[in-house]
Amino acid sequence: MRNIQVGVRVARQIRTTEHAVDRAMIEVCRLVQTALEGRAEAHLAAEVGQAVLADMVQGLSQLTQVRGAVISAHDGLAKVAEDHQIGWNLDGTREDKTGNPVAPVLSVAA
């Protein structure tokens with residue numbers, strides 16, 4: 001029974017982490033957009049803030065690498081759970097990996 005509880009906690013946390021990285025990426029994108037719109041509204045030349053813009057885009061690139069690492073960890077954790085027969089299925093809305101909508105389900109870990 002304990003393995004099921006651990007598996008579910010880890011599964012919930014990996015999903016929370018994936019969503020947090022996505023939210024961080026969205027916020028950086030919003031920052032870039034706001035900065036570019038602000039430069040245009042202030043009638044500043046394109047070179048104004050270019051180094052700062054490059055820093056923001058580099059940060060977004062680094063978050064993309066973090067996202068890939070978290071996805072890889074998700075796959076690795078699923079393999080560990082399978083290898084050690086640790087139940088991890090979550091209840092609630094599942095996220096479809098193919099882009100098709102998936103209805104909410106209740107899963108019971110064995």
Side-chain angles (χ1 to χ4, degrees):
M1 183 64 162
R2 182 180 170 131
N3 283 346
I4 292 171
Q5 293 168 345
V6 169
V8 168
R9 278 192 5 243
V10 171
R12 284 185 178 139
Q13 189 58 50
I14 193 77
R15 185 169 60 182
T16 298
T17 302
E18 289 168 346
H19 291 184
V21 174
D22 282 350
R23 284 190 307 275
M25 292 178 74
I26 289 166
E27 292 304 323
V28 171
C29 289
R30 286 180 179 152
L31 175 60
V32 169
Q33 179 180 351
T34 302
L36 290 171
E37 289 171 347
R39 184 203 56 80
E41 289 170 14
H43 304 289
L44 298 172
E47 60 266 11
V48 174
Q50 177 59 31
V52 176
L53 177 64
D55 287 345
M56 288 186 276
V57 172
Q58 181 182 13
L60 182 60
S61 177
Q62 291 170 342
L63 280 170
T64 303
Q65 292 176 9
V66 168
R67 189 175 190 272
V70 172
I71 291 167
S72 180
H74 187 155
D75 292 342
L77 287 168
K79 175 109 175 73
V80 168
E82 181 182 322
D83 290 350
H84 295 277
Q85 299 178 335
I86 298 171
W88 57 268
N89 291 334
L90 298 177
D91 57 349
T93 304
R94 287 190 180 179
E95 296 173 334
D96 182 51
K97 296 180 188 309
T98 64
N100 299 319
V102 177
V105 297
L106 176 62
S107 297
V108 179

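Between Arg23 and His19, some side-chain heavy-atom pair lies under the 4.5 Å cut-off. Counting only heavy atoms from C-beta outward, the side chains of Val6 and Arg9 approach each other to under 4.5 Å.
With sequence neighbours excluded, the residues that form a side-chain contact (heavy atoms from CB on, under 4.5 Å) with Val52 are Met56.
Ion pairing of Glu18 with Arg15 is absent here, as no side-chain N (NZ or NE/NH1/NH2) approaches a carboxylate O to less than 4.0 Å.
With values rounded to the nearest 0.5 angstrom, Arg39 atom CZ is found 8.5 Å from Glu47 atom CD. A distance of 14.5 Å separates NE2 of His74 from NZ of Lys79, quoted to the nearest 0.5 Å.
Applying the 4.5 Å side-chain rule to ILVMFWY residues, one finds that Ile26 remains a lone member of its cluster.
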Anything under 3.5 Å between a donor and an acceptor, one on a side chain of residues 59-73, the other on a protein residue two or more places apart or in another chain? List them.
residue, atom, partner, partner atom, Å
Thr64, OG1, Leu60, O, 2.9
Arg67, NE, Asp22, OD1, 2.6
Arg67, NH2, Asp22, OD1, 3.4

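Hydrophobic clustering, with ILVMFWY side chains joined whenever heavy atoms are under 4.5 angstrom apart, groups Leu36 together with Val57.
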